[in-house]
Amino acid sequence: MKKLVLILFVSLIAYGTSQAQAIETGDQAVNLGLGIDGLMYCGSGIPSINFSYETLPFEKLGIGYISVGGFGAFKHTTNYDNKHNYWIVAGRGAYHFDFYAMNHNDFFRYFDVYAGVLAGYALVGNNYNGNYEDEAYYKYEEPNQFVHDIFAGCRYQFSDGLAVYAETSYNVSILSFGVSFLF
């Protein structure tokens with residue numbers, strides 16, 4: 001965790017504090033963060049590693065922009081002698097509300113508020129290494145499964161190329177947060 005905080009701090013310094021801009025057509029973002037609880041919760045409370053890419057390829061629609069992209073997550077947990085590896089690969093789409101264009105309040109110049117949907121597949125790998133009498137109980141294997149989710153989040157821009165984000169959802173990660181690289 002200390003290494004992650006150090007990396008975030010160095011990234012903030014490296015990108016500087018130039019003036020951020022409101023979102024617009026053609027913007028792209030790569031998000032790297034941690035996810036807490038949700039679908040991949042089992043055993044230890046270690047967070048998942050989440051990655052997503054999104055682009056805003058369409059002209060403004062209504063009061064915002066539509067983004068499309070992909071999502072990936074990984075988590076390794078240990079529950080007694082069961083070791084679980086969770087992988088999620090999904091597509092996602094979101095609607096980004098352009099509050100800055102609606103009222104030109106500088107507060108909203110740096111915030112990107114959005115909500116969206118996600119659909120994909122969860123791959124689960126189990127490795128049982130125990131020696132228990134009731135082996136069937138401890139050797140429970142979760143099946144690979146279709147994954148769907150709805151989420152809402154916001155992103156705060158420090159500069160034209162760097163932001164932090166936080167998202168909440170009901171399925172994949174109840175709470176996720178991290179860094180966004182914008183280009």
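The structure displayed is predicted, hence computed values, not measured ones.
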To check you understand the geometry: which heavy-atom pair defines the closest contact between [X] and [Y], and what is its length?
X      : Y      : result
Leu34  : Pro47  : CB-CB, 4.1 Å
Asp160 : Leu182 : O-CB, 3.6 Å
Asp149 : Ser173 : OD2-N, 4.4 Å
Tyr65  : Leu56  : CB-CD2, 3.2 Å
Gly93  : Phe151 : O-CZ, 3.8 Å
Tyr100 : Asp106 : CE1-OD1, 3.9 Å

Review point. In the hydrophobic cluster built from side-chain contacts under 4.5 Å, what are the other members alongside Ile150?
Key: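 Members besides Ile150, by chain and number: Val117, Tyr170.
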
Review point. Linking Ile, Leu, Val, Met, Phe, Trp and Tyr by side-chain heavy atoms under 4.5 Å, what else ends up with Phe51?
Key: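 Same cluster as Phe51: Val30, Tyr53, Phe183.
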
With a 3.5 Å distance limit and no angle check, can you tell me whether [X] reaches the backbone of [Y] through a side-chain donor-acceptor pair?
X      : Y      : value
Tyr95  : Gly64  : yes
Asp112 : Cys154 : no
Ser52  : Gly70  : no

Point to revise | Linked, directly or transitively: Phe146 and Val89 (ILVMFWY side chains, under 4.5 Å) | key: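 Each belongs to a different hydrophobic cluster.
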
Review point. Are Phe97 and Met102 in one and the same hydrophobic cluster, where Ile, Leu, Val, Met, Phe, Trp and Tyr link if side-chain heavy atoms are under 4.5 Å apart?
Key: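 Yes.
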
Review point. Do Asn171 and Ser169 get their side chains close enough for a donor-acceptor pair, meaning under 3.5 Å?
Key: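 No, no side-chain donor-acceptor contact under 3.5 Å.
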
Check your understanding: How would you list, by chain and number, every residue that makes a salt bridge (charged side-chain N to carboxylate O under 4.0 Å, His left out) with Arg92, sequence neighbours excluded?
Key ->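 For Arg92 the salt bridge (charged side-chain N to carboxylate O under 4.0 Å, His left out) partners, ignoring immediate neighbours, are Glu167.
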
**Study point:** Under the ring pair (Phe, Tyr, Trp, His ring centres under 6.0 Å) test, residues paired with Tyr114 that sit two or more places apart
**Key:**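 Ring pair (Phe, Tyr, Trp, His ring centres under 6.0 Å) list for Tyr114, sorted by chain: His96.
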
Atom pair [atom1]/[atom2] of [X] and [Y] - distance to nearest 0.5 Å:
X      : Y      : atom1 : atom2 : result
Gln145 : Tyr121 : CD    : OH    : 8.5 Å
Phe108 : Asp98  : CZ    : CG    : 11.0 Å
Asp27  : Thr55  : CG    : OG1   : 8.0 Å
Leu123 : Asn85  : CG    : CG    : 11.0 Å

Point to revise | Ile36 and Phe177: CA distance, side-chain angles, deciding distance, side-chain contact (heavy atoms from CB on, under 4.5 Å) verdict | key: CA-CA 9 Å; Ile36 299 172; Phe177 55 90; 3.7 Å; yes

Practice item. Assess whether side-chain contact (heavy atoms from CB on, under 4.5 Å) is satisfied between Phe58 and Thr25, documenting all intermediate values. Key: CA-CA 6 Å; Phe58 309 110; Thr25 301; 6.0 Å; no

Check your understanding: Considering residues at least two apart in sequence or located in another chain, which fulfil the side chain to side chain donor-acceptor pair (under 3.5 Å) criterion with Ser176?
Key ->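 Ser176: no side chain to side chain donor-acceptor pair (under 3.5 Å) contacts found.
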
Point to revise | Residue pairs involving residues 172-183 (criterion salt bridge (charged side-chain N to carboxylate O under 4.0 Å, His left out); sequence neighbours excluded) | key: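 Sorted pair list comes back empty.
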
**Study point:** Verdict with reasoning, Leu175 to Asp37, per side-chain contact (heavy atoms from CB on, under 4.5 Å)
**Key:** CA-CA 7 Å; Leu175 175 65; Asp37 286 342; over 6 Å; no

**Study point:** From CA spacing to verdict: side-chain contact (heavy atoms from CB on, under 4.5 Å), Val147, Leu118
**Key:** CA-CA 8 Å; Val147 175; Leu118 176 145; 4.1 Å; yes

